[in-house]
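Beneath this line is the structure, given in C-alpha cells, with notes to follow.
Residues take their numbers from the sequence shown, with the count starting at 1.
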Amino acid sequence: MPFTYAIADLHGRYDLLSEAVTKIVEHSKSDRPATIITLGDYVDRGPKSRQVIERLMDWGSPDLKLVCLKGQSRRHHVAVLPSANQGWMVDG
C-alpha cells in the first residue's frame with residue numbers, strides 16, 4: 001500500500017514546507033510509492049510565499065509524486081476574476 005501525505009494551509013511558510021518535506025522524505029524511504037498532496041492556501045500571511053510557490057513548481061523528486069490542489073479562497077478568486085465584481089477583495 002502506498003504512502004500518502006497531506007500538507008495543508010502553508011500560507012507563505014516556506015520553513016514549514018521545508019520541514020514537512022524533510023520529514024516526509026525520511027519517513028517514506030522504502031520500496032512503497034509515495035505521494036504528497038498539498039491542500040491549497042499557499043500564499044499570504046507568511047513571509048516567503050514566492051519561495052513556497054517556486055519550491056512546488058520546481059518539484060523534481062523521482063520518489064515522491066506531488067499533487068497540488070487549489071484552496072477554497074483561490075477557487076473563489078477564479079470565480080470572480082472574469083467579472084467586474086471585486087467582492088473577493090472584501091473577504092480576502
Side-chain angles (χ1 to χ4, degrees):
M1 177 175 239
F3 287 122
T4 301
Y5 303 92
I7 304 173
D9 299 331
L10 289 165
H11 291 288
R13 293 291 308 271
Y14 182 78
D15 58 328
L16 297 179
L17 173 61
S18 295
E19 183 179 343
V21 168
T22 298
K23 289 180 178 182
I24 289 168
V25 166
E26 282 300 312
H27 183 264
S28 68
K29 286 185 178 177
S30 71
D31 292 333
R32 293 165 58 179
T35 300
I36 297 176
I37 301 173
T38 56
L39 305 171
D41 295 328
Y42 304 107
V43 301
D44 300 329
R45 299 185 193 153
K48 297 194 175 182
S49 293
R50 180 180 177 151
Q51 289 88 339
V52 167
I53 297 298
E54 287 174 346
R55 173 85 184 256
L56 297 174
M57 288 179 64
D58 294 338
W59 190 261
S61 173
D63 300 320
L64 287 168
K65 178 181 175 184
L66 177 67
V67 177
C68 298
L69 301 178
K70 133 176 88 167
Q72 67 176 18
S73 57
R74 301 307 156 245
R75 183 179 46 137
H76 180 63
H77 293 167
V78 170
V80 299
L81 282 176
S83 72
N85 177 3
Q86 296 296 308
W88 62 271
M89 293 179 74
V90 174
D91 58 81

Practice problem: Flag yes if Met57 and Ile36 sit in one hydrophobic cluster, no otherwise; membership is Ile, Leu, Val, Met, Phe, Trp, Tyr, and two members link when side-chain heavy atoms are under 4.5 Å apart. | Solution: yes
Self-check item: Pairing residues for Ala34 by the side-chain contact (heavy atoms from CB on, under 4.5 Å) criterion, not counting sequence neighbours
Solution: Phe3, Tyr5, Ser28, Leu64
Quiz item: Is there a chain of hydrophobic side chains (I, L, V, M, F, W, Y, each step under 4.5 Å between heavy atoms) that links Leu39 to Val52?
Solution: no
Self-check item: For Thr35, all residues meeting side chain to side chain donor-acceptor pair (under 3.5 Å), sequence neighbours excluded
Solution: none
Quiz item: Is Leu17 reachable from Val67 through a run of hydrophobic residues whose side-chain heavy atoms are each under 4.5 Å from the next?
Solution: no
Quiz item: Got a sec, which hydrophobics cluster with Met1, joining ILVMFWY side chains under 4.5 Å apart, including via others?
Solution: none
Quiz item: Any side-chain heavy-atom pair from Trp59 and Cys68 closer than 4.5 angstrom?
Solution: no
Self-check item: Interatomic spacing from CG in Leu69 to OG1 in Thr38 - rounded to 0.5 Å
Solution: 6.5 Å
Exercise. Tell me, please, which residues at least two apart from Lys23 pass salt bridge (Lys or Arg N to Asp or Glu O under 4.0 Å).
Key: Glu19
Exercise. Could you tell me the separation between the CD atom of Gln51 and the OH atom of Tyr14, rounded to the nearest 0.5 Å?
Key: 7.5 Å
Quiz item: Do Val43 and Leu10 belong together in a cluster built from hydrophobic side chains that touch within less than 4.5 Å?
Solution: yes
Quiz item: Are Ile24 and Leu16 connected in a single hydrophobic cluster, I mean Ile/Leu/Val/Met/Phe/Trp/Tyr linked by side-chain heavy atoms less than 4.5 Å apart?
Solution: no
Quiz prompt | Residue pairs passing the salt bridge (Lys or Arg N to Asp or Glu O under 4.0 Å) test where at least one lies in residues 53-66, sequence neighbours excluded | solution = Arg50-Glu54
Practice problem: Taking salt bridge (Lys or Arg N to Asp or Glu O under 4.0 Å) as the test, write out the residues that go with Arg13, two or more places apart. | Solution: Asp15
